[in-house]
Amino acid sequence: MSKPISVQLYTVRDALAADRDAVLRRIAGIGYRAVEPYDPMTDPEGFRRVADDLGLQVSATHAYALLSQDTTKVLDAIATIGTDLAIVPGGVAEEEFTTPDGLRRTADLLNGLAERAAGHGVRIGYHNHWWEIEPRVGGRHALEALADLLAPEVFLEIDTYWAAVGGADVPALLGRLAGRTPALHVKDGPVVKGEPHTAVGAGAMDVPAILAAAPDAWRTVELDECATDVFAALADSHSYLTSLEVS
């Protein structure tokens with residue numbers, strides 16, 4: 001696996017708001033060599049400068065702003081922070097994933113964004129939660145049905161934990177979506193809605209099998225909520241994932 005382990009910065013959102021540069025230094029100090037921002041619009045030039053100084057790649061970025069702000073400005077900011085993968089991390093009504101018509105509307109939205117992004121050298125992706133997995137459309141998880149409607153250049157960032165919460169066999173899902181998933185969110189916990197996450201390797205997820213099913217994807221650690229010190233959990237996650245590489 002040539003890609004370094006990444007961190008979704010939403011994990012440390014409170015600390016990041018207080019002192020971005022200190023947080024990035026701390027993440028680099030743990031051993032991470034990549035990050036995935038969630039707000040490319042806040043000081044993209046400064047972010048890129050600090051990331052470069054610390055040797056942090058930008059694996060991808062989440063970009064809610066694509067749904068509400070001037071697309072050109074958002075895409076310019078994404079290019080500035082140094083990635084060509086822009087991910088829509090929600091913002092689509094849950095009900096759209098329960099019917100074929102809703103999936104078509106969602107695909108039209110993402111395909112339209114992809115057309116505009118292509119001129120900026122950026123690819124558009126979509127990040128799932130449990131509600132894109134739990135509904136069945138045509139006998140399959142709604143996200144799989146959506147994938148059939150997406151333009152080839154639109155990718156999926158599979159949140160492996162939320163896929164499991166939604167009832168998916170995650171390695172099998174990744175196998176069926178092979179070629180569409182250049183990035184994964186790797187997280188762990190009890191696989192129960194509403195419960196806090198744990199360090200990767202300390203919960204109920206079969207992380208080795210999941211990573212084996214998508215060996216070339218970015219592995220991005222995220223803890224939406226954490227009952228312990230979040231930086232300690234990030235350090236433990238990094239140690240665990242690194243141990244899998246050398247075992």
Side-chain angles (χ1 to χ4, degrees), residues 8-11 13 36-42 60-75 77-78 83 85-118 120 122-170 173-174 176-177 180-187 189 191-197 220 222-225:
Q8 166 51 245
L9 293 177
Y10 184 77
T11 302
R13 54 197 177 275
E36 184 183 80
Y38 63 93
D39 177 17
M41 301 300 289
T42 299
T61 184
H62 283 193
Y64 270 116
L66 285 168
L67 300 178
S68 60
Q69 299 185 34
D70 180 87
T71 305
T72 297
K73 291 182 179 179
V74 178
L75 292 170
I78 289 167
T83 183
L85 300 180
I87 299 160
V88 176
V92 178
E94 296 180 25
E95 293 77 14
E96 294 290 74
F97 294 92
T98 62
T99 67
D101 285 345
L103 293 179
R104 280 190 288 271
R105 286 189 292 268
T106 303
D108 288 346
L109 170 66
L110 296 172
N111 292 340
L113 287 173
E115 287 182 13
R116 295 193 287 277
H120 295 255
V122 173
R123 292 179 61 197
I124 296 296
Y126 185 79
H127 167 278
N128 66 280
H129 309 82
W130 62 264
W131 59 81
E132 297 96 340
I133 302 293
E134 193 171 76
R136 294 275 180 161
V137 178
R140 296 182 298 162
H141 297 297
L143 189 70
E144 293 182 81
L146 173 67
D148 287 347
L149 302 172
L150 296 174
E153 62 271 21
V154 179
F155 67 93
L156 299 172
E157 178 182 61
I158 298 298
D159 187 305
T160 58
Y161 187 83
W162 289 126
V165 170
D169 177 329
V170 181
L173 176 68
L174 292 172
R176 293 192 296 272
L177 293 173
R180 297 303 292 262
T181 55
L184 306 177
H185 268 193
V186 181
K187 59 179 68 167
V191 194
V192 176
K193 294 175 190 175
E195 293 294 323
H197 299 147
T220 301
E222 182 183 40
L223 294 88
D224 296 13
E225 302 290 343

Candidate pair Val137 and Thr99, rule side chain to side chain contact (heavy atoms under 4.5 Å, CB included), full reasoning: CA-CA 7 Å; Val137 178; Thr99 67; over 6 Å; no
Minimal non-hydrogen separation, Leu156 against Ala147, with atom names: CD1-CB, 4.2 Å
NZ/NE/NH1/NH2 to OD/OE distance under 4.0 Å, Glu153 and Arg123: no
Straight-line distance of Thr106 OG1 to Leu149 CG, nearest 0.5 Å: 9.0 Å
Heavy-atom pair of closest approach, residues Ala86 and Ile78: CB-CD1, 3.6 Å
Atom of Asn111, atom of Ala151 and distance for their closest heavy-atom approach: OD1-N, 2.8 Å
Any Leu174 side-chain heavy atom under 4.5 Å of Leu184 side chain: yes
Test log, rule side chain to side chain contact (heavy atoms under 4.5 Å, CB included), inputs Tyr126 and Val92: CA-CA 10 Å; Tyr126 185 79; Val92 178; 4.3 Å; yes
Ring geometry between His127 and His129 (parallel below 30°, tilted from 30 to 60°, perpendicular above 60°): perpendicular
Distance, nearest 0.5 Å, that separates CD of Glu134 from CH2 of Trp162: 11.5 Å
CZ-CG distance between Arg104 and Leu146, expressed to the nearest 0.5 angstrom: 12.0 Å
From CA spacing to verdict: side chain to side chain contact (heavy atoms under 4.5 Å, CB included), His197, Glu222: CA-CA 9 Å; His197 299 147; Glu222 182 183 40; over 6 Å; no
Close side-chain approach of Leu85 to Glu157, heavy-atom, < 4.5 Å: no
Under 3.5 Å: donor-acceptor pair, side chain of His141, backbone of Ile133: yes
From Leu150, Leu110, Thr181, Ile87, residue fulfilling side-chain contact (heavy atoms from CB on, under 4.5 Å) relative to Phe155: Ile87
Asp148 side chain near Leu103 side chain, heavy-atom distance below 4.5 Å: no
Tyr10, OH: over 12 other non-hydrogen atoms inside 6.0 angstrom: no
Whether Arg176 side chain and Glu144 backbone form a donor-acceptor pair below 3.5 Å: no
Residue pair Pro37 / Ala60: nearest heavy atoms and the distance that separates them: CD-O, 3.1 Å
side-chain hydrogen bond (donor to acceptor under 3.5 Å, both in side chains), paired with Lys187, selected from Thr11, Thr160, Asp159: Asp159
Check against salt bridge (charged side-chain N to carboxylate O under 4.0 Å, His left out), Glu225 and Arg13: CA-CA 11 Å; Glu225 302 290 343; Arg13 54 197 177 275; 3.0 Å; yes
Backbone N/O of Gln8 and side chain of Thr220: donor-acceptor pair under 3.5 Å: no
Close side-chain approach of Phe97 and Asn128, heavy atoms under 4.5 Å: no
Donor-acceptor contact present, side-chain Arg180 to main-chain Val154, <3.5 Å: yes
What donor-acceptor contacts under 3.5 angstrom involve side-chain atoms of residues 64-74, with partners at least two apart or in another chain?
{"residue": "Tyr64", "atom": "OH", "partner": "Pro89", "partner atom": "O", "Å": "2.9"}
{"residue": "Asp70", "atom": "OD2", "partner": "Thr72", "partner atom": "N", "Å": "3.2"}
{"residue": "Asp70", "atom": "OD2", "partner": "Lys73", "partner atom": "N", "Å": "2.9"}

From Glu94 atom CD to Trp130 atom CH2, the distance as rounded to the nearest 0.5 Å: 5.0 Å
Pairwise distance CD(Glu132) to OG1(Thr98) - rounded to 0.5 angstrom: 11.5 Å
